Amino acid sequence: MDFNLSEEQLMIQQAARDFAQNELLPEVIERDRDQKFPTEQVKKMGEMGFLGMMVDPKYGGAGMDSVSYVLAIEEIAKIDASAAVVMSVNNSLVCAGLEKFASEEQKVKYLTPLASGKVIGAFALSEPEAGSDATSQKTTAEDKGDYYLLNGIKNWITNGGTASYYIVIAQTDPEKKHKGINAFIVERGWEGFEVGVKEDKLGIRGSDTHSLIFNNVKVPKENRIGEDGFGFNFAMAVLNGGRIGIASQALGIASGAYELALKYAKTRKAFKTEIINHQAIAFKLADMATQITAARMLCFKAACEKDAGKDISESGAMAKLYASQVAMDTTIEAVQIHGGYGYVKEYHVERMMRDAKITQIYEGTSEIQKIVISRSIAK
Ligand code: CAA
């Protein structure tokens, strides 16, 4: 096993670090306060190849490996977790799913603009009554011959208000349960498709989370992804990869908070010395550094297995389960180390603590990750 990063991976890491410092940091506090989507920054991320990182260049992607993807998301999330989730959803849930499972026509029409960052995409699985229990889809797509009629509501959809193309999961034959579920590519602006209310969230407030309403939307048959009944397996396969993106986002939130806490502890004095010289603080930082390194290794392992074409359901779930816990623990302790300063917005760590929580919820809660892992090890 080689723990050294290649020249190319180091370059991508540095480019993401510079971008985050120069383009994301300046107004990150205001975007969080105002729930403002980082429109200009996301456009630049597209130009840098960060929105279709692993997609083949013939479909507008950057053709990079998954370890580079982990590195880039970590650097972005260190500064702005909201920008990181826009990136993760577009790369992992939208582009990766289309590249692996869409038809050639679908790739040319939809993947190419999405991977090159000309437009962004969203993935619509969750519903008011179908979150963890994803097979209980209430959204229906009725087969009408050369089109499907789509009806229903999707909830908490990342990029919901800014996407141009949506992958929508819907039930086409309830009798067949998960074998009667399909995935469709739906365009914004189609008649009957309405973007609903924007959520007012605890964290990742710069990201754009909406409900989606489908009222007799005609979806051409050629917009179904894969064979009839493939939609649930499609969603599961896509989410396995998505969990690497969210694990990397969690890793970035944790390492960002750790770096700020370390810097603060080296300069802030109490009882006549820098607080890092107090064991109570030093041991917190030691735990953070150890857990962040372990989380990073789990992300790299899942990424390497993905590039090797292996089943990543277990390794992706482990990376997400662990990294999201580390993000939560680290940000809470980073606020604690900062004391009163940690509780005000200017010092960033309170935002990071709020941002961390969602990584234990979306793309499969921590409890769902434990279902996936326990089923895998019991096999
Ligand atoms: N990888 C690949 N296939 C999987 C899978 C996995 N991790 N988990 C299940 N499957 C397959 C099974 O093999 C089975 O397929 P076959 O019938 O062909 O064999 C099929 O899916 C059904 O499996 P189960 O009978 O195990 O289904 P289940 O209902 O018991 O539960 C679950 C499966 C793992 C709990 C699943 O429902 C799940 O992952 N739930 C969480 C959903 C989720 O992550 N939602 C996040 C929303 S998206 C989001 O947050 C995006 C965002 O905007 C940021």
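Computation of the quantities below employed the complete heavy-atom set of this structure, encompassing side-chain atoms and omitting hydrogens, waters and symmetry-equivalent molecules. Remember, predicted model here, so these are calculated numbers, not experimental data. Index from 1, following the sequence. Remember, it's 1-based here, ligands and their atoms both numbered in the order they're listed.
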Option with minimal heavy-atom separation from atom 28 (P) of ligand 1, where the choices are Met236, Arg375, His178, Glu314 =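 Answer by nearest heavy atom: Arg375.
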
Leu93, any N or O under 3.5 Å of ligand 1 N or O |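 Min N/O separation from ligand 1 is not below 3.5 Å for Leu93.
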
Answer yes or no: does an N/O atom from Lys179 fall short of 3.5 Å to an N/O atom of ligand 1?
->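 Between Lys179 and ligand 1 (N or O atoms, distance only) the closest approach is under 3.5 Å.
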
Determine whether any protein heavy atom is located less than 4.0 Å from [atom].
atom: atom 32 (C) of ligand 1; result: no
atom: atom 13 (O) of ligand 1; result: no
atom: atom 19 (O) of ligand 1; result: no
atom: atom 25 (O) of ligand 1; result: no
atom: atom 22 (C) of ligand 1; result: yes

Among the heavy atoms of [X], does any lie under 4.0 Å from an atom of ligand 1?
X: Lys154; result: no
X: Gly131; result: yes
X: Asn240; result: yes

Does ligand 1 have a heavy atom under 4.0 Å from the side chain of [X], from its backbone, from both, or from neither?
X: Glu363; result: both
X: Arg243; result: side chain
X: Asp133; result: neither
X: Asn233; result: side chain
X: Ser126; result: side chain

Numbered atoms of ligand 1 (with element) below 4.0 Å of Tyr362, judged on heavy atoms =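 It comes down to these atoms of ligand 1: 50 (O), 54 (C).
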
With a cut-off of 4.0 Å, which atoms of ligand 1 are near a heavy atom of Thr158?
->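 In order of numbering, the contacting atoms are 52 (C), 53 (O), 54 (C).
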
Check whether more than 12 heavy atoms from other residues, nucleotides or ligands sit under 6.0 Å from atom [atom1] of [X], and answer yes or no.
X: Glu8; atom1: CD; result: no
X: Lys36; atom1: NZ; result: no
X: Met297; atom1: CE; result: yes

When you measure from the centre of the six-membered ring of Tyr147, is the NZ or CZ of Lys218 under 6.0 Å away and within 45° of the axis?
->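 Judged by the rule (NZ or CZ under 6.0 Å from the ring centre, within 45° of its axis), Lys218 counts as positioned above Tyr147.
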
Could you tell me whether a side-chain N or O of Asn159 sits under 3.5 Å from a main-chain N or O of Thr162, the two making a donor and an acceptor?
->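 Checking the backbone N and O of Thr162 against the side chain of Asn159, no donor-acceptor pair under 3.5 Å is found.
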
Ring centers of Phe123, Tyr166 separated by less than 6.0 Å |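 Ring centres of Tyr166 and Phe123 not closer than 6.0 Å.
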
